[in-house]
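Chain identifiers are assigned alphabetically (A, B, ...) following the order of the sequence lines, protein sequences preceding nucleic acid strands; residue numbering begins at 1 within each chain.
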There are 2 protein chains.
Amino acid sequence: MRGITTSRADGLTIGELSKLTGVNIETIRYYERIKMLPLPPRTAGGRRVYDPTHFRILAFIRRSRELGFSLDEIRALIRLGGPEKASCSQVREIAAHHLDGIRAKISDLRKLERLLAKTVAQCTGSTAPDCPVLDILDVRRAGQPARKDL
Amino acid sequence: MRGITTSRADGLTIGELSKLTGVNIETIRYYERIKMLPLPPRTAGGRRVYDPTHFRILAFIRRSRELGFSLDEIRALIRLGGPEKASCSQVREIAAHHLDGIRAKISDLRKLERLLAKTVAQCTGSTAPDCPVLDILDVRRAGQPARKDL
DNA sequence: CTTGCTCCTGTAGTTGCTACAGGATGCACC
DNA sequence: GGTGCATCCTGTAGCAACTACAGGAGCAAG
(Lines give C-alpha, C1' and ligand atoms only; values in the text may rest on other atoms or scores of the structure.)
Protein backbone atom coordinates (compact mmCIF):
# COMPACT_ATOMS: atom_id res chain seq x y z
CA MET A 1 0.00 0.00 0.00
CA ARG A 2 1.46 3.23 -1.09
CA GLY A 3 1.45 6.22 1.21
CA ILE A 4 -0.07 9.53 0.42
CA THR A 5 1.20 10.87 -2.87
CA THR A 6 3.46 13.81 -2.34
CA SER A 7 5.40 16.20 -4.45
CA ARG A 8 9.07 15.88 -5.05
CA ALA A 9 10.03 19.19 -3.47
CA ASP A 10 8.84 18.05 -0.06
CA GLY A 11 11.72 15.73 0.67
CA LEU A 12 14.55 13.60 -0.62
CA THR A 13 14.76 11.08 -3.44
CA ILE A 14 16.22 7.72 -2.65
CA GLY A 15 19.42 8.67 -4.43
CA GLU A 16 19.78 11.78 -2.31
CA LEU A 17 19.11 9.85 0.88
CA SER A 18 21.68 7.28 -0.21
CA LYS A 19 24.32 9.94 -0.70
CA LEU A 20 23.52 11.65 2.60
CA THR A 21 23.64 8.49 4.66
CA GLY A 22 26.18 6.45 2.76
CA VAL A 23 23.70 3.58 2.50
CA ASN A 24 23.30 1.92 -0.89
CA ILE A 25 20.05 2.59 -2.78
CA GLU A 26 19.39 -1.10 -3.03
CA THR A 27 20.06 -1.52 0.66
CA ILE A 28 17.55 1.22 1.45
CA ARG A 29 14.93 -0.62 -0.57
CA TYR A 30 15.93 -3.82 1.18
CA TYR A 31 15.47 -2.21 4.59
CA GLU A 32 12.03 -1.05 3.51
CA ARG A 33 11.13 -4.51 2.32
CA ILE A 34 12.13 -6.12 5.61
CA LYS A 35 10.34 -3.36 7.50
CA MET A 36 13.35 -1.70 9.09
CA LEU A 37 12.35 1.55 7.43
CA PRO A 38 8.81 2.90 7.29
CA LEU A 39 7.17 3.13 3.88
CA PRO A 40 7.72 6.63 2.52
CA PRO A 41 5.11 8.52 0.57
CA ARG A 42 5.41 8.47 -3.23
CA THR A 43 5.17 11.00 -6.06
CA ALA A 44 2.39 10.62 -8.60
CA GLY A 45 5.04 8.89 -10.71
CA GLY A 46 5.73 6.29 -8.03
CA ARG A 47 8.98 7.64 -6.67
CA ARG A 48 9.80 7.55 -2.99
CA VAL A 49 10.00 10.80 -1.07
CA TYR A 50 11.85 10.74 2.23
CA ASP A 51 11.46 13.09 5.17
CA PRO A 52 13.70 13.88 8.17
CA THR A 53 12.37 10.93 10.14
CA HIS A 54 13.52 8.51 7.47
CA PHE A 55 16.91 10.17 7.37
CA ARG A 56 17.19 9.86 11.10
CA ILE A 57 16.17 6.21 11.22
CA LEU A 58 18.44 5.24 8.36
CA ALA A 59 21.41 7.00 9.90
CA PHE A 60 20.66 5.13 13.13
CA ILE A 61 20.62 1.83 11.28
CA ARG A 62 23.83 2.62 9.49
CA ARG A 63 25.64 3.56 12.65
CA SER A 64 24.37 0.49 14.44
CA ARG A 65 25.51 -1.75 11.60
CA GLU A 66 28.94 -0.13 11.76
CA LEU A 67 29.05 -1.14 15.40
CA GLY A 68 28.18 -4.68 14.40
CA PHE A 69 24.65 -4.92 15.75
CA SER A 70 22.44 -7.38 13.87
CA LEU A 71 19.30 -6.12 12.17
CA ASP A 72 17.15 -7.72 14.85
CA GLU A 73 19.12 -6.00 17.57
CA ILE A 74 18.73 -2.74 15.70
CA ARG A 75 15.00 -3.26 15.45
CA ALA A 76 14.86 -3.59 19.20
CA LEU A 77 17.02 -0.51 19.73
CA ILE A 78 14.87 1.55 17.41
CA ARG A 79 11.79 0.56 19.36
CA LEU A 80 13.45 1.44 22.64
CA GLY A 81 14.48 4.82 21.32
CA GLY A 82 11.01 5.55 20.04
CA PRO A 83 8.22 7.75 21.41
CA GLU A 84 7.31 5.32 24.19
CA LYS A 85 10.58 5.61 26.02
CA ALA A 86 11.76 2.48 27.73
CA SER A 87 14.21 2.19 30.51
CA CYS A 88 17.76 2.69 29.41
CA SER A 89 18.53 -0.61 31.10
CA GLN A 90 16.96 -2.48 28.21
CA VAL A 91 19.17 -0.66 25.76
CA ARG A 92 22.11 -1.36 27.97
CA GLU A 93 21.26 -5.03 28.05
CA ILE A 94 21.27 -5.28 24.26
CA ALA A 95 24.49 -3.33 24.00
CA ALA A 96 26.20 -5.27 26.78
CA HIS A 97 25.21 -8.58 25.22
CA HIS A 98 26.58 -7.38 21.93
CA LEU A 99 29.78 -6.28 23.63
CA ASP A 100 30.15 -9.76 25.09
CA GLY A 101 29.90 -11.21 21.61
CA ILE A 102 32.55 -8.86 20.32
CA ARG A 103 34.88 -9.79 23.17
CA ALA A 104 34.39 -13.49 22.51
CA LYS A 105 35.16 -12.96 18.87
CA ILE A 106 38.31 -10.98 19.65
CA SER A 107 39.43 -13.79 21.92
CA ASP A 108 38.87 -16.40 19.21
CA LEU A 109 40.62 -14.34 16.59
CA ARG A 110 43.62 -13.80 18.79
CA LYS A 111 44.00 -17.51 19.26
CA LEU A 112 43.90 -17.92 15.52
CA GLU A 113 46.36 -15.10 15.06
CA ARG A 114 48.87 -16.59 17.47
CA LEU A 115 48.75 -20.00 15.88
CA LEU A 116 48.96 -18.70 12.34
CA ALA A 117 51.66 -16.17 13.13
CA LYS A 118 53.81 -18.88 14.70
CA THR A 119 53.28 -21.20 11.81
CA VAL A 120 53.87 -18.64 9.10
CA ALA A 121 57.05 -17.53 10.85
CA GLN A 122 58.38 -21.08 10.63
CA CYS A 123 57.79 -21.07 6.91
CA THR A 124 61.12 -20.61 5.24
CA GLY A 125 59.65 -20.80 1.77
CA SER A 126 61.58 -23.93 1.02
CA THR A 127 60.23 -26.55 -1.29
CA ALA A 128 57.52 -28.71 0.16
CA PRO A 129 57.07 -31.28 1.73
CA ASP A 130 58.68 -29.20 4.43
CA CYS A 131 55.80 -26.82 5.05
CA PRO A 132 54.71 -25.83 8.58
CA VAL A 133 51.39 -24.39 7.41
CA LEU A 134 50.34 -27.58 5.70
CA ASP A 135 51.65 -29.50 8.68
CA ILE A 136 48.94 -28.11 10.94
CA LEU A 137 46.21 -28.67 8.38
CA ASP A 138 46.93 -32.16 7.16
CA VAL A 139 46.14 -35.01 9.53
CA ARG A 140 48.80 -37.22 7.98
CA ARG A 141 51.48 -34.57 8.28
CA ALA A 142 50.39 -33.41 11.70
CA GLY A 143 52.13 -36.19 13.52
CA GLN A 144 48.94 -38.04 14.32
CA PRO A 145 49.25 -41.69 13.40
CA ALA A 146 47.58 -42.51 10.14
CA ARG A 147 44.54 -44.69 10.66
CA LYS A 148 45.72 -48.09 9.55
CA ASP A 149 42.17 -49.36 9.21
CA LEU A 150 41.31 -46.63 6.72
CA MET B 1 28.44 -39.64 -13.00
CA ARG B 2 28.70 -42.21 -10.35
CA GLY B 3 32.01 -43.76 -9.56
CA ILE B 4 32.69 -47.43 -9.58
CA THR B 5 30.20 -49.32 -7.49
CA THR B 6 31.82 -50.71 -4.42
CA SER B 7 30.83 -52.77 -1.45
CA ARG B 8 30.07 -51.28 1.89
CA ALA B 9 32.80 -53.07 3.78
CA ASP B 10 35.50 -51.28 1.82
CA GLY B 11 35.13 -47.93 3.55
CA LEU B 12 33.04 -45.53 5.53
CA THR B 13 29.45 -44.40 5.17
CA ILE B 14 28.75 -40.72 5.17
CA GLY B 15 27.41 -40.96 8.72
CA GLU B 16 30.61 -42.61 9.90
CA LEU B 17 32.77 -40.05 8.14
CA SER B 18 30.66 -37.29 9.70
CA LYS B 19 31.21 -38.69 13.17
CA LEU B 20 34.94 -39.16 12.63
CA THR B 21 35.55 -35.68 11.28
CA GLY B 22 32.91 -33.69 13.13
CA VAL B 23 31.62 -32.36 9.82
CA ASN B 24 27.84 -32.42 9.31
CA ILE B 25 26.47 -34.98 6.84
CA GLU B 26 24.77 -32.26 4.90
CA THR B 27 27.95 -30.22 4.88
CA ILE B 28 29.85 -33.18 3.45
CA ARG B 29 27.34 -33.46 0.66
CA TYR B 30 27.59 -29.71 0.15
CA TYR B 31 31.39 -29.94 -0.16
CA GLU B 32 30.97 -32.68 -2.72
CA ARG B 33 28.52 -30.60 -4.67
CA ILE B 34 30.84 -27.59 -4.82
CA LYS B 35 33.72 -29.89 -5.69
CA MET B 36 35.75 -29.48 -2.52
CA LEU B 37 35.58 -33.23 -2.03
CA PRO B 38 36.10 -35.79 -4.78
CA LEU B 39 33.11 -37.94 -5.71
CA PRO B 40 33.26 -41.15 -3.75
CA PRO B 41 32.29 -44.53 -5.20
CA ARG B 42 28.79 -45.78 -4.43
CA THR B 43 27.27 -49.08 -3.33
CA ALA B 44 24.84 -50.83 -5.67
CA GLY B 45 22.16 -49.16 -3.59
CA GLY B 46 23.53 -45.70 -4.27
CA ARG B 47 25.25 -45.03 -0.95
CA ARG B 48 28.55 -43.23 -0.75
CA VAL B 49 31.60 -45.14 0.38
CA TYR B 50 34.54 -43.10 1.61
CA ASP B 51 38.19 -44.10 1.71
CA PRO B 52 41.18 -42.74 3.66
CA THR B 53 41.84 -40.04 1.09
CA HIS B 54 38.41 -38.58 1.61
CA PHE B 55 38.90 -38.68 5.34
CA ARG B 56 42.16 -36.87 4.99
CA ILE B 57 40.83 -34.19 2.67
CA LEU B 58 37.76 -33.57 4.80
CA ALA B 59 39.80 -33.27 7.96
CA PHE B 60 42.01 -30.78 6.14
CA ILE B 61 39.00 -28.74 5.13
CA ARG B 62 37.61 -28.84 8.65
CA ARG B 63 40.82 -27.68 10.19
CA SER B 64 41.25 -24.93 7.64
CA ARG B 65 37.71 -23.70 8.27
CA GLU B 66 38.42 -23.66 11.98
CA LEU B 67 41.33 -21.37 11.20
CA GLY B 68 39.01 -19.13 9.24
CA PHE B 69 40.25 -19.80 5.73
CA SER B 70 37.61 -19.32 3.05
CA LEU B 71 36.63 -22.25 0.87
CA ASP B 72 38.49 -20.74 -2.07
CA GLU B 73 41.63 -20.38 0.01
CA ILE B 74 41.25 -23.98 1.11
CA ARG B 75 40.89 -25.10 -2.49
CA ALA B 76 44.20 -23.45 -3.25
CA LEU B 77 45.85 -24.97 -0.21
CA ILE B 78 44.63 -28.43 -1.10
CA ARG B 79 46.07 -28.08 -4.55
CA LEU B 80 49.38 -26.90 -3.17
CA GLY B 81 49.53 -29.84 -0.80
CA GLY B 82 48.71 -32.31 -3.52
CA PRO B 83 50.91 -34.74 -5.43
CA GLU B 84 52.54 -32.03 -7.54
CA LYS B 85 54.23 -30.28 -4.67
CA ALA B 86 54.50 -26.55 -4.98
CA SER B 87 56.84 -24.26 -3.25
CA CYS B 88 55.97 -23.68 0.36
CA SER B 89 56.16 -19.98 -0.40
CA GLN B 90 52.82 -20.15 -2.15
CA VAL B 91 51.26 -21.74 0.90
CA ARG B 92 52.91 -19.15 3.03
CA GLU B 93 51.52 -16.38 0.87
CA ILE B 94 47.97 -17.61 1.31
CA ALA B 95 48.42 -18.05 5.03
CA ALA B 96 50.13 -14.70 5.50
CA HIS B 97 47.40 -12.94 3.56
CA HIS B 98 44.82 -14.64 5.73
CA LEU B 99 46.73 -13.64 8.83
CA ASP B 100 46.67 -10.03 7.67
CA GLY B 101 42.91 -10.25 7.37
CA ILE B 102 42.60 -11.65 10.87
CA ARG B 103 44.75 -8.88 12.27
CA ALA B 104 42.68 -6.24 10.51
CA LYS B 105 39.53 -7.74 11.93
CA ILE B 106 40.96 -7.84 15.44
CA SER B 107 41.89 -4.20 15.10
CA ASP B 108 38.37 -3.26 13.98
CA LEU B 109 36.76 -5.27 16.72
CA ARG B 110 38.93 -3.70 19.38
CA LYS B 111 37.86 -0.27 18.24
CA LEU B 112 34.26 -1.36 18.52
CA GLU B 113 34.90 -2.90 21.88
CA ARG B 114 36.45 0.24 23.28
CA LEU B 115 33.64 2.47 22.08
CA LEU B 116 30.91 0.16 23.27
CA ALA B 117 32.57 -0.59 26.60
CA LYS B 118 32.88 3.10 27.31
CA THR B 119 29.31 3.78 26.33
CA VAL B 120 27.82 0.86 28.22
CA ALA B 121 29.79 1.88 31.30
CA GLN B 122 28.14 5.27 31.19
CA CYS B 123 24.77 3.66 31.15
CA THR B 124 23.34 4.02 34.62
CA GLY B 125 20.14 2.26 33.68
CA SER B 126 18.14 5.36 34.34
CA THR B 127 15.04 6.15 32.41
CA ALA B 128 15.54 7.39 28.89
CA PRO B 129 15.98 9.94 27.30
CA ASP B 130 19.23 9.87 29.18
CA CYS B 131 20.84 6.98 27.37
CA PRO B 132 24.50 7.02 26.28
CA VAL B 133 24.09 4.04 23.96
CA LEU B 134 21.27 5.61 22.02
CA ASP B 135 23.22 8.87 22.07
CA ILE B 136 25.92 7.46 19.82
CA LEU B 137 23.43 5.88 17.46
CA ASP B 138 20.92 8.62 16.95
CA VAL B 139 21.99 11.57 14.83
CA ARG B 140 19.61 13.89 16.61
CA ARG B 141 20.86 12.91 20.03
CA ALA B 142 24.48 12.81 18.99
CA GLY B 143 24.95 16.55 19.19
CA GLN B 144 24.95 17.05 15.45
CA PRO B 145 22.63 19.82 14.45
CA ALA B 146 19.35 18.57 13.09
CA ARG B 147 18.97 19.29 9.41
CA LYS B 148 16.55 22.18 9.35
CA ASP B 149 15.80 21.65 5.68
CA LEU B 150 14.67 18.08 6.34
C1' DC C 1 10.33 15.99 -28.57
C1' DT C 2 14.97 14.00 -27.37
C1' DT C 3 18.49 12.72 -24.28
C1' DG C 4 20.56 11.06 -20.34
C1' DC C 5 20.08 10.09 -15.80
C1' DT C 6 17.42 8.32 -11.94
C1' DC C 7 14.10 5.35 -10.20
C1' DC C 8 10.91 1.34 -10.23
C1' DT C 9 9.82 -3.87 -9.49
C1' DG C 10 11.11 -8.40 -9.59
C1' DT C 11 14.45 -11.87 -9.61
C1' DA C 12 18.63 -13.95 -8.62
C1' DG C 13 23.13 -14.28 -6.61
C1' DT C 14 26.97 -14.10 -2.79
C1' DT C 15 29.16 -17.19 1.30
C1' DG C 16 28.80 -21.17 3.92
C1' DC C 17 26.21 -23.56 5.46
C1' DT C 18 21.51 -25.83 7.43
C1' DA C 19 16.94 -27.87 7.31
C1' DC C 20 13.38 -30.40 5.47
C1' DA C 21 10.24 -33.44 2.46
C1' DG C 22 9.47 -37.55 0.38
C1' DG C 23 11.23 -41.61 -0.81
C1' DA C 24 14.79 -45.56 -1.00
C1' DT C 25 18.13 -48.70 1.23
C1' DG C 26 20.02 -51.68 4.76
C1' DC C 27 20.01 -54.47 8.65
C1' DA C 28 18.40 -56.92 12.68
C1' DC C 29 14.81 -59.51 14.34
C1' DC C 30 10.73 -62.42 14.10
C1' DG D 1 9.69 -63.26 3.74
C1' DG D 2 7.86 -59.43 6.51
C1' DT D 3 8.46 -55.70 9.84
C1' DG D 4 10.43 -51.83 12.00
C1' DC D 5 13.77 -48.66 12.56
C1' DA D 6 17.83 -46.22 11.34
C1' DT D 7 20.43 -44.40 7.72
C1' DC D 8 20.91 -42.52 3.32
C1' DC D 9 19.38 -40.36 -1.10
C1' DT D 10 18.01 -36.11 -4.09
C1' DG D 11 16.06 -31.82 -4.54
C1' DT D 12 14.58 -27.62 -2.76
C1' DA D 13 14.49 -23.85 0.17
C1' DG D 14 16.02 -21.02 3.88
C1' DC D 15 19.33 -18.18 6.89
C1' DA D 16 21.94 -13.30 7.41
C1' DA D 17 22.76 -9.10 5.12
C1' DC D 18 23.20 -7.59 1.61
C1' DT D 19 24.27 -6.83 -3.85
C1' DA D 20 23.53 -6.97 -8.80
C1' DC D 21 20.98 -6.99 -12.80
C1' DA D 22 17.11 -6.81 -16.44
C1' DG D 23 13.63 -4.38 -18.46
C1' DG D 24 10.94 -0.70 -18.25
C1' DA D 25 9.09 3.96 -16.50
C1' DG D 26 9.77 8.68 -14.79
C1' DC D 27 11.92 13.21 -14.81
C1' DA D 28 14.36 17.38 -15.90
C1' DA D 29 17.07 20.00 -19.04
C1' DG D 30 17.88 21.43 -23.64
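Applying the 4.0 Å criterion to OP1 and OP2 of dT25(C), one finds that Thr43(B) has every side-chain N and O outside that range. In this structure, Thr13(B) reaches the dC8(D) phosphate: one of its side-chain N or O atoms is under 4.0 Å from OP1 or OP2. For dT7(D), neither phosphate oxygen OP1 nor OP2 lies less than 4.0 angstrom from any side-chain nitrogen or oxygen of Arg47(B).
Using a 4.0 Å heavy-atom cutoff across all strands shown, Phe69(A) reaches no nucleic acid atom at all.
Going from atom CD of Glu32(B) over to atom C1' of dC9(D) covers 11 Å, rounded to whole Å. Atom-to-atom, CZ of Arg48(A) to P of dC7(C) comes out at 10 Å; the value is rounded to the nearest Å. Atom CZ of Arg33(B) and atom C1' of dT12(D) are 10 Å apart (whole Å). If you measure from atom CG of Leu58(A) to atom P of dC18(D), you get 11 Å, rounded to the nearest angstrom. Regarding Asn24(B), its CG atom lies at a distance of 12 Å from the C1' atom of dG16(C), rounded to whole Å. The distance between atom CD1 of Ile25(B) and atom P of dG16(C), rounded to the nearest whole Å, is 22 Å. As a whole-Å value, the separation of Arg42(A) CZ from dG26(D) P is 13 Å. Remark: P of dT6(C) and OH of Tyr50(A) are 16 Å apart, rounded to the nearest angstrom.
In terms of position on DNA chain C, the residue among Arg65(B) and Ile14(A) whose nearest nucleotide sits closer to the 5' end is Ile14(A). A residue-by-residue look at Arg29(B) and Asp72(B) shows that Asp72(B) has its nearest nucleotide of DNA chain C further toward the 5' end.
For Arg65(B), the CZ atom counts as densely surrounded, since its 6.0 Å shell holds more than 12 non-hydrogen atoms of other residues, nucleotides or ligands.
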Practice item. Begin from the C-alpha positions of Arg75(A) and Asp72(A) and carry the test salt bridge (Lys or Arg N to Asp or Glu O under 4.0 Å) through to its verdict. Key: CA-CA 5 Å; Arg75(A) 269 188 240 268; Asp72(A) 275 344; 3.3 Å; yes
Practice item. Show your reasoning for whether side-chain hydrogen bond (donor to acceptor under 3.5 Å, both in side chains) applies to Asp51(A) and His54(A). Key: CA-CA 6 Å; Asp51(A) 65 27; His54(A) 290 103; 3.1 Å; yes
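Set against dC17(C), dC8(D), dC18(D), the side chain of Tyr31(B) has dC17(C) as its closest nucleotide.
Under the 3.5 Å distance criterion, the side-chain polar atoms of His98(A) are matched with a main-chain donor or acceptor of Leu67(A).
Put simply, the side chain of Arg62(B) reaches to within 4.5 Å of the side chain of Glu66(B), judged on heavy atoms.
Side-chain N/O atoms of Glu26(A) and base N/O atoms of dC21(D) include a donor-acceptor pair closer than 3.5 Å.
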